[in-house]
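What you are looking at is a predicted structure, and each value in this text was computed from that prediction instead of being measured. The chains referred to below are lettered A, B, ... by the order of the sequence lines, with proteins before strands, and numbering in each begins at 1.
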Protein chains: 2
Amino acid sequence: VDCTPFSEFSFIDFIKSQAKNGWIKDSLGIGDDCAIIPYTDTLDLLVSTDAFVQDVHFLLDKASALDIGFKAAAVNLSDIAAMGGDPLALFLTLSFPKNTEKKWLDEFIKGILSFNVPLMGGDTTASKEGIFISLTVLGTIKKGGSKLRRSGKAGDIICTTATLGNSGLGFEHLKENISSPFIVHHLRPTPHLKEGKFLAQFTETHAMMDLSDGLAIDLFHICQESKVSAQIDLDNLPIEQGLKGKKHPFSYALESGEDYCLLATIDKQAFNEINIQFEKEFNHPLYQVGHLIEGSGTVEYFLNGKKHPVQYRGFDHFSY
Amino acid sequence: VDCTPFSEFSFIDFIKSQAKNGWIKDSLGIGDDCAIIPYTDTLDLLVSTDAFVQDVHFLLDKASALDIGFKAAAVNLSDIAAMGGDPLALFLTLSFPKNTEKKWLDEFIKGILSFNVPLMGGDTTASKEGIFISLTVLGTIKKGGSKLRRSGKAGDIICTTATLGNSGLGFEHLKENISSPFIVHHLRPTPHLKEGKFLAQFTETHAMMDLSDGLAIDLFHICQESKVSAQIDLDNLPIEQGLKGKKHPFSYALESGEDYCLLATIDKQAFNEINIQFEKEFNHPLYQVGHLIEGSGTVEYFLNGKKHPVQYRGFDHFSY
């Protein structure tokens, strides 16, 4: 029996290899935050789809129906933010056990609708056990204006649009029934739609993606796709003062994932001016975490100017 | 505890009521086979999403991975056929247990790609138990050219694009390990994309939808949406000679569902000419099963010219 363990990412590669022959002309398929399909004369269509599975992505005894709907929509919309686009509509499939309360479903749908993006279609079915949610979001963006993972350039400054690791510590507190202000970051992440649109207006913003799996692995994807390497200054990681848990703060910031802010690489010459405008708009600066260099797709870490030996691993959705 | 049992359809009504405020201008949301969104100057965009759940929609010991992928894609594409459109791209979310064989996944994706519609995005995650599939299809159609459920008119001839009940008997044979030519109808339904496109070119084709839940309940939806009633001639139901199982042939044809051919209502004056052209194109005629009349949304059955008392019920995905 050919029963090989394999990671989520190798399966995505496999689908890519199976599917790439038939893609639509001038479109981009699997491999970025969204697929890009030619739309009108002036707009591209963006499409992304995400699954949310009970006991893998959420725990029924730790999150309310409103939380779960809110986060499912936020995570899906975050893919539109990562391209710099505007959301257009959501489509939902939902499988749930027969004994699910109508009140739970009512609150769940309210959560899905939290961002005023219309829910324009769906399919509901029974499941024998567990709640399975799949959301598809359509969005639009100026033709050719999408920010891709593969567009990073050596010399770019690497930055994030928020502090890192809050969701990871919040998840720890949630599991351990510790009341804390970090929990809301885990249960109700905010898709950085405005930040994405702001950054996408500059041609000097090169690569962009959302931080779902943790900076370590997400940046690794940008490096691999852009055929550059990255140097991260651990001293500069944007970490909240109060981020203190069982693990080292760097671990939350680099590995825990689910921050759902944006990771961007911006031309070094243009960075300061973009950052000034960003701060005016959002009342805080972009957080510089390092820079891209010529290289073969690796991520290196520096602490106090010295190379740091630890290799961080991002959250793999198969490691539940 | 507010724990009310409720059917799939009432939940769809509920989502409609929650969601309708935010729909996109000139678009159609939940309630037809696809959502319709303005696309280019000459085209509308069609979107539909479907869930396929182990032990609800398929049995792992009765269907191969290729069968399951094939049928998931067929059912999803059938929604595009029901509007009269052309498929553009598929998007997949897939949740599966860690011990799923790579070979199974390989064959499943091959099944998804059976119809040469590109798979342009997806998300894979673990599940604790059971395989959950969600597919979203995008399609296009001439602007304003979609055939809706609400467009049926009193006087229309009601017809189908294939014989009915084959999938239902096939499912019975499959469960009872009886080798039969009906099983392929259950495992590998063909989306009637060509038939849908053919019928959609005529303004005299009024209402159209795909037959997923059985003629009885699907026609009921057309009647409700179109604010007309229907009379079905049971003598005229298109049923294969060999359709003999545990239930009455009418029951397979009306109730079993999953035929995934099309149900259309066509202007009485134009029907004969359209039917002649249809037969030239597809080597069999449209199957007339009855006609629409003025009324309040009911479906009545006639046998040998006499009203038949039995009320048939379609397959509700919650009645597993």
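For chain A, the nearby part of B:Ser95 is the side chain; its heavy atoms alone come within less than 4.5 Å.
With respect to chain B, the highest number of heavy-atom pairs below 4.5 Å among A:Ile112, A:Leu45, A:Asp50 belongs to A:Asp50. Of the listed residues (A:Leu90, A:Thr40, A:Val53), the one with the most heavy-atom contacts under 4.5 Å to chain B is A:Val53.
More than 12 heavy atoms of other shown residues, nucleotides or ligands fall within 6.0 angstrom of atom CZ in A:Arg188. The local environment of NZ in A:Lys197 is sparse, with at most 12 non-hydrogen atoms from other residues, nucleotides or ligands closer than 6.0 Å. A 6.0 Å sphere centred on CD of A:Glu129 holds no more than 12 heavy atoms belonging to other residues, nucleotides or ligands. Within a 6.0 Å radius of OH in B:Tyr39, other residues, nucleotides and ligands contribute more than 12 heavy atoms.
Contacts of residues 130-140 of chain B with chain A at a heavy-atom distance below 4.5 Å involve B:Phe132, B:Ser134, B:Thr136, B:Leu138, listed in sequence order.
Taking every heavy atom of both residues into account, A:Asp123 and B:Ala51 meet most closely at OD2-N, 2.8 Å. Among all heavy-atom pairs drawn from A:Gly122 and B:Thr49, the shortest one is CA-CG2, 3.5 Å.
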*How far apart are the C-alpha atoms of B:Ile37 and A:Met120, what are their side-chain angles, what is the distance that settles it, and do they pass the side-chain contact (heavy atoms from CB on, under 4.5 Å) test?*
CA-CA 9 Å; B:Ile37 297 174; A:Met120 289 200 47; 3.9 Å; yes
